[in-house]
Amino acid sequence: MAPLIYTRRTSALTQAIDKKLLKALDSPTQRRDLLQELFADIALEVDDRAREIILGGEDASGVQMKVPLCFYDVLADHFASEPDDRGKPILDLIVQLWSQPFASHIFALLFHKWLFEVQLDSSDLLLRYSSALVQGATNVFWIDIQTNTIHFQSIFLYLLEDVALVPEKLKKIPLQAQRDLFLLLSRFIFLYDYAEKLESFFQNFPEFPNAFLVGGPADIFVIELTDQLQKLKVEPVLLHYLSHIKVLRGLELRMTTSTRLKTCLYSFTSPGGPMYPTRVVRHAAWDALDFLFPVGRYPRHIISLFFRLLYPWYWPSSCWNFVWSCIQEILYSITRRVFPSHKLRDGHES
């Protein structure tokens, strides 16, 4: 009985989406706002009351449950369960709105599982859908970066564990789409805390035509990662990336790739342009740089100090930060001696 109730509830959701898309087609001046509203609606988390209504008070069989559960999770499973029948009217409407903002977002949320379950005869159509999935996923992952959340983590996890690391699923999309997917996952794998998957991720990397120039999977990954780092403007996210980048130690990289990574990290160690990093970002970048490239550590710091002396307006803040750091170290040392069993919640415990 539960699957029948579940199907009825999700059918009601698909009808609401269908109406919203038809309204967007009929209202050219309101299309952007309507599609944005639809995207926001399907991205909402399902609260307990709505979950009970949709699933009929029971966990519907075949539905992958997760906490928190979002509407797009329910709908993506619904469309993927019968890929040849369900979702086609909605897909046809999205195709008509293909060039509109948020169309690729909606496609990625609703059809990221469907694409790997359906059988499409047209290679051009498959490439078109695959490209739309990569573009839409890129857009929603950037929303997580801008808001410092992991709201769309379930999509990333599916694309990583159920597609990229499963050769049978991966081969269902064209080779170019496979390459684009791996580049996408390379840029966001640190955001969603899946650095432990890097070894198997590299093993499943598709062949790239320029591999003889840029290097192997590790080189391509680092190139994408450095490009991503230079685009990040949200400080907590940037610090998150810098804390995870230390897992790259020991990777066999080409000299050009290693230099690229070193230059990228070094750009975050100095105040001012072009990155304008905050003090905490500069310290995190120094820590990552010294950990990944211990050779030449002290000469780098001496050169950095020399260049800092060329900018007198930074002297007062630098002196104050140095004095304050010394005071903190002294207080920490005294407290540790007076209360040897007391654990302080500061940087020394991290």
Side-chain angles (χ1 to χ4, degrees), residues 7 10 14 17 42 61-66 70-98 103-141 152-189 191-192 194 197-211 216-217 220-221 224:
T7 302
T10 49
T14 59
I17 295 173
I42 62 178
S61 63
V63 179
Q64 181 182 359
M65 298 302 297
K66 78 179 189 70
C70 297
F71 283 102
Y72 70 81
D73 293 304
V74 177
L75 291 165
D77 286 328
H78 176 68
F79 294 144
S81 61
E82 294 183 16
D84 295 327
D85 300 323
R86 297 174 178 173
K88 191 175 186 306
I90 291 178
L91 182 60
D92 292 339
L93 292 174
I94 292 177
V95 170
Q96 296 180 59
L97 297 165
W98 215 241
S104 64
H105 302 56
I106 297 170
F107 176 82
L109 294 188
L110 297 180
F111 295 101
H112 63 277
K113 294 183 178 180
W114 169 89
L115 182 60
F116 298 96
E117 301 296 337
V118 71
Q119 296 294 330
L120 297 174
D121 297 329
S122 173
S123 58
D124 292 338
L125 193 60
L126 183 57
L127 179 59
R128 187 180 187 186
Y129 287 157
S130 302
S131 300
L133 172 62
V134 172
Q135 181 60 50
T138 301
N139 293 334
V140 298
F141 295 161
F152 301 105
Q153 184 177 21
S154 63
I155 300 179
F156 183 90
L157 182 59
Y158 176 80
L159 294 177
L160 176 64
E161 291 192 337
D162 295 333
V163 178
L165 302 185
V166 181
E168 295 78 13
K169 280 278 188 74
L170 183 63
K171 291 177 181 178
K172 290 188 175 183
I173 59 177
L175 181 58
Q176 183 57 49
Q178 296 177 30
R179 294 165 179 160
D180 293 339
L181 176 62
F182 269 75
L183 295 180
L184 166 68
L185 297 175
S186 297
R187 294 192 293 270
F188 295 95
I189 196 169
L191 175 67
Y192 295 108
Y194 291 108
K197 303 283 186 181
L198 280 181
E199 184 176 354
S200 55
F201 184 64
F202 292 157
Q203 292 173 354
N204 288 275
F205 237 75
E207 294 183 2
F208 280 75
N210 60 342
I220 297 173
F221 173 82
E224 290 299 312

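Only this structure's heavy atoms are used, side chains among them; waters, hydrogens and symmetry mates stay out.
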**Q** Check side-chain contact (heavy atoms from CB on, under 4.5 Å) between Gln96 and all other residues, then give those that pass, not counting sequence neighbours.
**A**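 Gln96 satisfies side-chain contact (heavy atoms from CB on, under 4.5 Å) with Leu25, Leu93 once adjacent residues are dropped.
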**Q** So how far is it from Ser130 OG to Gln176 CD, rounded to the nearest 0.5 Å?
**A**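 Ser130 OG to Gln176 CD: 10.5 Å, rounded to 0.5 Å.
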**Q** Within a strict 4.5 Å, meaning less than it, do heavy atoms of the Asn139 and Gln135 side chains meet?
**A**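 In short, these two side chains touch, coming nearer than 4.5 Å.
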**Q** Of all residues at least two apart in sequence or in a different chain, which pass the ring pair (Phe, Tyr, Trp, His ring centres under 6.0 Å) check with Phe208?
**A**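 Partners of Phe208 under the ring pair (Phe, Tyr, Trp, His ring centres under 6.0 Å) test: Phe205.
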**Q** For Ser81 and His78, indicate whether the former's side chain and the latter's backbone hold a donor-acceptor pair under 3.5 Å.
**A**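 Confirmed, Ser81 side chain pairs with His78 backbone.
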**Q** Could you check whether any side-chain N or O of Asp92 sits under 3.5 Å from a backbone N or O of Pro89, counting only pairs where one atom can act as donor and the other as acceptor?
**A**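 The answer is no, because no donor-acceptor pair under 3.5 Å joins these two groups.
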**Q** Just so I know, are the side chains of Phe141 and Ile155 near enough to count as touching, which here means a heavy-atom distance under 4.5 Å?
**A**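 Phe141 vs Ile155: side chains touch.
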**Q** Taking C-beta and beyond as the side chain, do Tyr194 and Gln153 meet within less than 4.5 Å on heavy atoms?
**A**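 Yes. Closest side-chain heavy atoms under 4.5 Å.
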**Q** My understanding is that only residues two or more places apart in sequence, or in another chain, count here; which of them pass side-chain hydrogen bond (donor to acceptor under 3.5 Å, both in side chains) with Tyr192?
**A**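 Testing Tyr192 for side-chain hydrogen bond (donor to acceptor under 3.5 Å, both in side chains), a comparison that skips the adjacent residues, returns Asp144.
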**Q** Identify, with sequence neighbours excluded, every residue that meets ring pair (Phe, Tyr, Trp, His ring centres under 6.0 Å) alongside His112.
**A**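 Ring pair (Phe, Tyr, Trp, His ring centres under 6.0 Å) check on His112 returns Tyr158.
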**Q** Check whether any side-chain heavy atom of Leu91 lies under 4.5 Å from a side-chain heavy atom of Tyr129, and answer yes or no.
**A**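 Answer yes - side chains close enough.
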**Q** Flag the pair Ile17 / Leu75 as yes when at least one side-chain heavy-atom distance between them is below 4.5 Å, and no otherwise.
**A**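 Sidechains of Leu75 and Ile17: in contact.
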**Q** For residues Asp73 and Ser154, report the shortest heavy-atom separation together with the two atoms involved.
**A**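 Result for this residue pair: OD1-OG, 2.9 Å.
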**Q** With side chains defined as the heavy atoms from C-beta onward, is the minimum distance between Phe201 and Pro217 less than 4.5 Å?
**A**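 Answer no - side chains too far apart.
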**Q** Any non-hydrogen side-chain atom of Phe111 less than 4.5 Å from a side-chain atom of Val118?
**A**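 No. Closest side-chain heavy atoms not under 4.5 Å.
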**Q** May I ask you to check whether Phe221 and Phe182 place their ring centres under 6.0 Å from each other?
**A**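 Ring centroids of Phe182 and Phe221 are no less than 6.0 Å from each other.
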**Q** What residues form a side-chain contact (heavy atoms from CB on, under 4.5 Å) with Asp124, not counting sequence neighbours?
**A**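 Once residues adjacent in sequence are excluded, the partners of Asp124 under the side-chain contact (heavy atoms from CB on, under 4.5 Å) criterion are Ser122.
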**Q** Any side-chain heavy atom of Lys113 within less than 4.5 Å of one from Asp162?
**A**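 Not in contact.
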**Q** Measure the CG-CG distance between Leu184 and Leu160 for me, rounded to the nearest 0.5 Å.
**A**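 Going from the CG atom of Leu184 to the CG atom of Leu160 covers 10.5 Å.
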**Q** Side-chain atoms of residues 165-175: list all donor-acceptor pairs with protein atoms under 3.5 Å, sequence neighbours left out, distances to 0.1 Å.
**A**
| from | atom 1 | to | atom 2 | distance (Å) |
| --- | --- | --- | --- | --- |
| Lys172 | NZ | Phe116 | O | 2.9 |

